[in-house]
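Report on the following structure.
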2 protein chains.
Amino acid sequence: MDKSFHYMLMAVQAHFSRMIMEESAKVSLTTGQPKVLDYLLLHNGSIQKDIAAGCCIDVATMTGILSRMEDKGLIERKNKNGNRRSLYVYLTEKGEKTAEQMKGIFSRGEDAAFSGISDEEKESFLETLYKICENLTDTEVLQ
Amino acid sequence: MDKSFHYMLMAVQAHFSRMIMEESAKVSLTTGQPKVLDYLLLHNGSIQKDIAAGCCIDVATMTGILSRMEDKGLIERKNKNGNRRSLYVYLTEKGEKTAEQMKGIFSRGEDAAFSGISDEEKESFLETLYKICENLTDTEVLQ
DNA sequence: TAGAAACAATTTGCATGCTAATTATAATTT
DNA sequence: AAATTATAATTAGCATGCAAATTGTTTCTA
């Protein structure tokens, strides 16, 4: 196996997200939806622009994901304070339940990824990952 | 920022691949093409199934990527030894030149990601990343 | 060796992902 | 206040990504 950073990043991301997709399909979620539920659990009532930034995808992509989630009754989109330009997004009860299920799925996926790796090693890995994250991130994009 | 593994993995992957896309667009490559060139530089003459596995994507996706790369003269697809089922893929001269350019782009991207991180820290990060890679990978998929 | 099974690639249909252009609304400027 | 500018969301067009079905070829097996 190629041990370069870019290759392993691609491989880990691909396999991890495939694992998450497989599990989330069992609770009737498509690829783009888990990250949105995860974000809304922490930031319920955000506008679409901020959800997109938090999920690291374009607002144009977010439109489609959210409209399918609204159709399925996972979220609601509302105007607020007479502002008709911004749309505030809220989890429904069903959406909150599904988001909680996703937390378990993410957690089990993480356990699988770090299987056989000590807490200390995991800890310092995550610290470096955080530094990389900051290096690659314009602070305003992820707020 | 959310410091969970799954969140940071998503963020790093998104920002890193966006950086690579931006640079590779300058040498007229689309999203899926850099990883194929990178793979072929190490495994020229592979069949499509193996390239797909090496790039961690489905063979069905590979079909389209390769056909666009063939149209642009980056690769050639040939039959071999009277076997009309498998297609062996080779870099053209143009493809090889572009692949070499991509190596530079990947390398500069990696430098940006690890900016301010010591060689020792980077080394142990990559070791853990490799373990995670193995944990998530069925050996036969990536050979 | 004929039929069955396996295999490599493609096609189809859908859901992301992007950029660029558009629409509608809000805020600023003059 | 009217015109300009900025902003949030959507739409359109393309390239991935997937799963499932199909096609053509090869291998196995009875």
Side-chain angles (χ1 to χ4, degrees), chain A residues 10-11 13-26 28-37 46-72 74-75 77-89 140-141, chain B residues 10-11 13-26 28-37 46-72 74-75 77-89 140-141:
Chain A
M10 172 185 79
Q13 193 277 331
H15 287 97
F16 188 78
S17 78
R18 207 162 293 145
M19 186 162 75
I20 297 299
M21 275 171 61
E22 218 164 281
E23 292 305 308
S24 54
K26 294 178 186 167
S28 300
L29 295 179
T30 54
T31 322
Q33 297 173 356
K35 58 173 161 292
V36 177
L37 291 178
S46 300
I47 61 171
Q48 301 192 180
K49 178 179 80 84
D50 292 337
I51 303 173
C55 293
C56 306
I57 61 174
D58 198 272
V59 283
T61 306
M62 193 48 78
T63 295
I65 295 177
L66 289 176
S67 102
R68 276 177 287 274
M69 291 178 77
E70 191 167 38
D71 291 347
K72 286 207 294 186
L74 293 167
I75 55 154
R77 292 192 274 191
K78 298 177 193 168
N79 284 117
K80 209 168 78 175
N81 305 332
N83 181 334
R84 292 191 296 168
R85 189 171 60 184
S86 304
L87 275 175
Y88 295 80
V89 180
E140 73 274 10
V141 174
Chain B
M10 171 185 79
Q13 193 278 332
H15 287 96
F16 188 78
S17 77
R18 204 162 295 146
M19 186 162 74
I20 298 299
M21 274 171 62
E22 219 164 280
E23 292 304 308
S24 54
K26 294 178 187 169
S28 299
L29 295 178
T30 54
T31 322
Q33 298 173 356
K35 58 174 162 292
V36 177
L37 291 178
S46 300
I47 62 171
Q48 302 193 178
K49 178 179 79 84
D50 292 337
I51 303 174
C55 293
C56 306
I57 61 174
D58 199 90
V59 283
T61 307
M62 193 49 76
T63 295
I65 294 177
L66 289 176
S67 104
R68 274 178 288 275
M69 290 178 77
E70 192 167 38
D71 290 347
K72 285 206 295 184
L74 293 166
I75 56 154
R77 291 192 275 190
K78 298 178 192 166
N79 286 117
K80 209 168 80 175
N81 305 333
N83 181 335
R84 292 190 299 169
R85 188 171 60 182
S86 303
L87 275 175
Y88 294 80
V89 180
E140 72 273 11
V141 174

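Throughout, protein chains are lettered first and strands after them, A, B, ... in sequence-line order, and every chain is numbered starting at 1.
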Considering only [options], which nucleotide approaches the side chain of [X] most closely?
X: B/Ala60; options: D/dT26, C/dT10, D/dT10; answer: C/dT10
X: A/Gln33; options: D/dA19, C/dT19, C/dT16; answer: C/dT16
X: B/Asp58; options: C/dC18, C/dA9, D/dA19; answer: D/dA19
X: B/Ile65; options: C/dT10, D/dA9, D/dG17; answer: D/dG17
X: A/Thr63; options: D/dT11, C/dA9, D/dC18; answer: D/dT11

Quick one: label [X] by what it contacts on the DNA or RNA (base, sugar-phosphate, nothing), any heavy atom closer than 4.0 Å.
X: A/Thr61; value: base
X: B/Thr30; value: sugar-phosphate
X: A/Ser86; value: sugar-phosphate

Practice task
Map B/Met21 and A/Gly82 onto DNA chain C by nearest heavy atom, then report which one ends up closer to the 5' terminus.
Solution key: B/Met21

Between [X] ([atom1]) and [N] ([atom2]), how many Å, whole number?
X: B/Ile47; N: C/dT10; atom1: CD1; atom2: P; answer: 11 Å
X: A/His15; N: D/dC18; atom1: NE2; atom2: P; answer: 10 Å
X: B/Met69; N: C/dA9; atom1: CE; atom2: C1'; answer: 17 Å
X: B/Asn83; N: C/dA6; atom1: CG; atom2: P; answer: 19 Å
X: B/Tyr88; N: C/dA9; atom1: OH; atom2: P; answer: 9 Å
X: A/Lys26; N: D/dA19; atom1: NZ; atom2: C1'; answer: 16 Å
X: B/Leu66; N: C/dT11; atom1: CG; atom2: P; answer: 13 Å
X: B/Glu22; N: C/dC18; atom1: CD; atom2: P; answer: 12 Å

If only side-chain N and O atoms of [X] are considered, is one of them under 4.0 Å from the OP1 or OP2 phosphate oxygen of [N]?
X: B/Arg84; N: D/dG24; value: no
X: B/Gln48; N: C/dT10; value: yes
X: B/Arg68; N: D/dT16; value: yes

Practice task
Check the pair B/Ser67 / B/Glu70 against side-chain hydrogen bond (donor to acceptor under 3.5 Å, both in side chains), numbers first and verdict last.
Solution key: CA-CA 5 Å; B/Ser67 104; B/Glu70 192 167 38; over 6 Å; no

Exercise for the section: Ignoring hydrogens and angles, state whether a donor on the side chain of A/Arg77 or A/Gln48 is under 3.5 Å from an acceptor on the partner side chain. Expected result: yes

Handout entry: Under 3.5 Å: donor-acceptor pair, side chain of A/Arg18, backbone of A/Gln13
Key = no

Handout entry: Contact check, side chains of A/Val59 and A/Thr63, non-hydrogen atoms, under 4.5 Å
Key = no

Problem - Verdict with reasoning, A/Lys72 to A/Gln33, per side-chain contact (heavy atoms from CB on, under 4.5 Å) - result: CA-CA 11 Å; A/Lys72 286 207 294 186; A/Gln33 297 173 356; 3.3 Å; yes

With the criterion being N/O to N/O and under 3.5 Å, what pairs connect the protein with nucleotides 2-7 of chain D, and how long is each?
{"residue": "D/dT7", "atom": "O2", "partner": "A/Arg85", "partner atom": "NH1", "Å": "2.8"}

Exercise for the section: Go through the steps for A/Ile57 and A/Ile65 under the test side-chain contact (heavy atoms from CB on, under 4.5 Å), then give the verdict. Expected result: CA-CA 11 Å; A/Ile57 61 174; A/Ile65 295 177; 3.8 Å; yes

Cut-off 3.5 Å, no hydrogens considered: what does the side-chain donor-acceptor table look like for residues 79-89 of chain A, sequence neighbours left out?
{"residue": "A/Asn79", "atom": "ND2", "partner": "A/Asn83", "partner atom": "O", "Å": "3.0"}
{"residue": "A/Asn79", "atom": "ND2", "partner": "A/Ser86", "partner atom": "O", "Å": "2.9"}
{"residue": "A/Asn83", "atom": "OD1", "partner": "A/Arg85", "partner atom": "N", "Å": "2.7"}
{"residue": "A/Asn83", "atom": "OD1", "partner": "A/Ser86", "partner atom": "N", "Å": "3.1"}

Handout entry: Spacing of B/Thr30 atom OG1 and B/Met21 atom CE [to the nearest 0.5 Å]
Key = 9.0 Å

